[in-house]
Undergrad: 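Here it is, the structure in full.
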Amino acid sequence: MKIVVVSDSHGRNDILNAIREKHPDAGLFIHCGDLEADPMFYPGYIVVRGNNDYYGRFEDERIIPIGKHRIYVTHSHRFSYFSRSEQLSNRAKGLNCDIVCFGHTHVAYLDQVNGVTLLNPGSLSHSRDGRPCSYAILDIDENEIRVEFKFEPEW
């Protein structure tokens, strides 16, 4: 299943619509927080609360089952800067999840920690590592997890 993962759009909601149009074959769209809009206006996205989300109803975290996989979605602002990867991995394992999608850092990131795939798609606005703004394509089948980052310099 093709899953589009975004985060930290910070009011650049025009980009969310463009991404949906660009990926009509995606089975799921995940937003890892800091939407800065009411999620009811983006019904095609599963959204969690970020530290800048004050409008509308949000859940702090979500679990999404996909086949034999379980995705833990969080913004991650409540996890320590210095041990975020280990804390996210531990939280996911405690929830029987093998994939974590998270945001907050505005840096595209992919790693495997203690058997858990950690994916931060980066930010749709205000990248913090010198690369263009980004999002990720997470492709999951029963036996494999693939990730492709999409960097968009024109945003």
Undergrad: Using side-chain heavy atoms (C-beta onward) and a distance below 4.5 Å, is Thr117 in contact with Leu138?
TA: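 Counting from C-beta outward, Thr117 and Leu138 never come under 4.5 Å.
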Undergrad: Under the side chain to side chain contact (heavy atoms under 4.5 Å, CB included) rule, what do Ile137 and Lys2 come out as? Steps first, then yes or no, please.
TA: CA-CA 7 Å; Ile137 305 297; Lys2 177 180 176 178; 3.8 Å; yes
Undergrad: Any donor and acceptor pair, going by atom type alone, linking the side chain of Glu142 with main-chain N or O of Gly67 inside 3.5 Å?
TA: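 A pair under 3.5 Å: no.
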Undergrad: Hey, are the side chains of Met1 and Ile66 touching, using non-hydrogen atoms and a 4.5 Å cut-off?
TA: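 They are in side-chain contact.
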Undergrad: Testing the basics here: between Ser76 and Gly103, what is the closest heavy-atom pair and its distance to 0.1 Å?
TA: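 Residues Ser76 and Gly103, closest heavy atoms: OG-O, 3.0 Å.
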Undergrad: Answer whether the closest heavy-atom distance between the side chains of Tyr72 and Val116 falls below 4.5 Å.
TA: no
Undergrad: Take His75 and Ser7 through the side chain to side chain contact (heavy atoms under 4.5 Å, CB included) test and state the conclusion after the steps.
TA: CA-CA 8 Å; His75 188 58; Ser7 191; 4.2 Å; yes
Undergrad: Is it the case that the side chain of Arg62 and the backbone of Ile30 share a donor-acceptor pair, with hydrogens and angles ignored and the cut-off at 3.5 Å?
TA: no
Undergrad: Please table the atom pairs, donor to acceptor, closer than 3.5 Å between any side-chain atom in residues 93-102 and protein atoms at least two apart or in another chain.
TA:
unit_1 : atom_1 : unit_2 : atom_2 : d
Lys93  : NZ     : Asn114 : O      : 3.1
Asp98  : OD1    : Arg70  : N      : 3.0
Asp98  : OD2    : His69  : ND1    : 2.6

Undergrad: Suppose we screen for side-chain contact (heavy atoms from CB on, under 4.5 Å). Which residues come up paired with His10, at least two apart in sequence or across chains?
TA: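 side-chain contact (heavy atoms from CB on, under 4.5 Å) check on His10 returns Asp8, Asp34, Glu36, Asn52, His106, Ser125.
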Undergrad: Report the residues that fulfil salt bridge (Lys or Arg N to Asp or Glu O under 4.0 Å) with Arg57, sequence neighbours left out, ordered by chain and then residue number.
TA: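 Partners of Arg57 by the salt bridge (Lys or Arg N to Asp or Glu O under 4.0 Å) criterion come out as none, since no residue qualifies.
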Undergrad: Going only through I, L, V, M, F, W and Y residues with side-chain contacts under 4.5 Å, is there a path from Ile140 to Leu110?
TA: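 Yes: a chain of side-chain contacts under 4.5 Å links Ile140 to Leu110.
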Undergrad: Give a yes or no on whether Val73 and Val4 share a hydrophobic cluster (residues Ile, Leu, Val, Met, Phe, Trp, Tyr; joining criterion: side-chain heavy atoms under 4.5 Å apart).
TA: no
Undergrad: Can you name the nearest heavy-atom pair linking His104 to Arg128, along with the distance?
TA: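 Minimum heavy-atom separation between His104 and Arg128: O-NH1, 3.4 Å.
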Undergrad: Is the shortest heavy-atom distance from the side chain of Asn13 to the side chain of Leu35 under 4.5 Å?
TA: yes
Undergrad: Quick one: ring-ring contact (aromatic ring centres under 6.0 Å, His included) pairs with a partner in residues 40-63, sequence neighbours left out?
TA: Phe29-Tyr45
Undergrad: Assess the residue pair Leu119 and Val5 against the criterion (side chain to side chain contact (heavy atoms under 4.5 Å, CB included)); give the C-alpha distance rounded to whole Å, side-chain angles, the decisive distance to 0.1 Å, and a yes or no.
TA: CA-CA 9 Å; Leu119 169 61; Val5 184; 4.1 Å; yes
Undergrad: Count I, L, V, M, F, W, Y as connected when their side-chain heavy atoms are under 4.5 Å apart, and connections chain through other members. Are Val147 and Val113 then in the same cluster?
TA: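 No, because Val147 and Val113 fall into different hydrophobic clusters, even though each may have its own neighbours under 4.5 Å.
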Undergrad: Looking at residues at least two apart in the chain, or sitting in another chain, which of them share a side-chain contact (heavy atoms from CB on, under 4.5 Å) with Glu144?
TA: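 In terms of side-chain contact (heavy atoms from CB on, under 4.5 Å), with neighbours along the sequence ignored, Glu144 is linked to Asp141, Arg146.
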Undergrad: Check for a donor-acceptor pair, side chain of His23 on one end and backbone N or O of Asp25 on the other, with a separation under 3.5 Å.
TA: no
Undergrad: Counting only N and O atoms by type, is there a donor-acceptor contact under 3.5 Å from the side chain of Arg20 to the main-chain atoms of Gly44?
TA: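 Yes: the side chain of Arg20 pairs with the backbone of Gly44.
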Undergrad: Under the side chain to side chain contact (heavy atoms under 4.5 Å, CB included) criterion, do Tyr109 and Ser85 qualify, and how do the steps go?
TA: CA-CA 10 Å; Tyr109 172 84; Ser85 295; 2.8 Å; yes
Undergrad: Can you tell me how far CG of Asp60 sits from CZ of Arg49, rounded to the nearest 0.5 angstrom?
TA: 5.5 Å
Undergrad: Between Ser123 and Cys133, is there a donor-acceptor pair closer than 3.5 Å when you use the side chain of the first and the backbone of the second?
TA: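 Checking the backbone N and O of Cys133 against the side chain of Ser123, no donor-acceptor pair under 3.5 Å is found.
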Undergrad: Check this for me, if you would: do Lys22 and Glu152 make a salt bridge, where the nitrogen-to-carboxylate-oxygen distance has to be below 4.0 angstrom?
TA: yes
Undergrad: Membership question, hydrophobic clusters at under 4.5 Å side-chain separation (ILVMFWY): are Ile15 and Tyr135 in the same one?
TA: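 Yes, because Tyr135 and Ile15 connect within a single hydrophobic cluster, where side-chain heavy atoms sit under 4.5 Å apart.
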Undergrad: Rest of the hydrophobic cluster containing Phe82 (Ile/Leu/Val/Met/Phe/Trp/Tyr, side-chain heavy atoms under 4.5 Å)?
TA: Tyr81
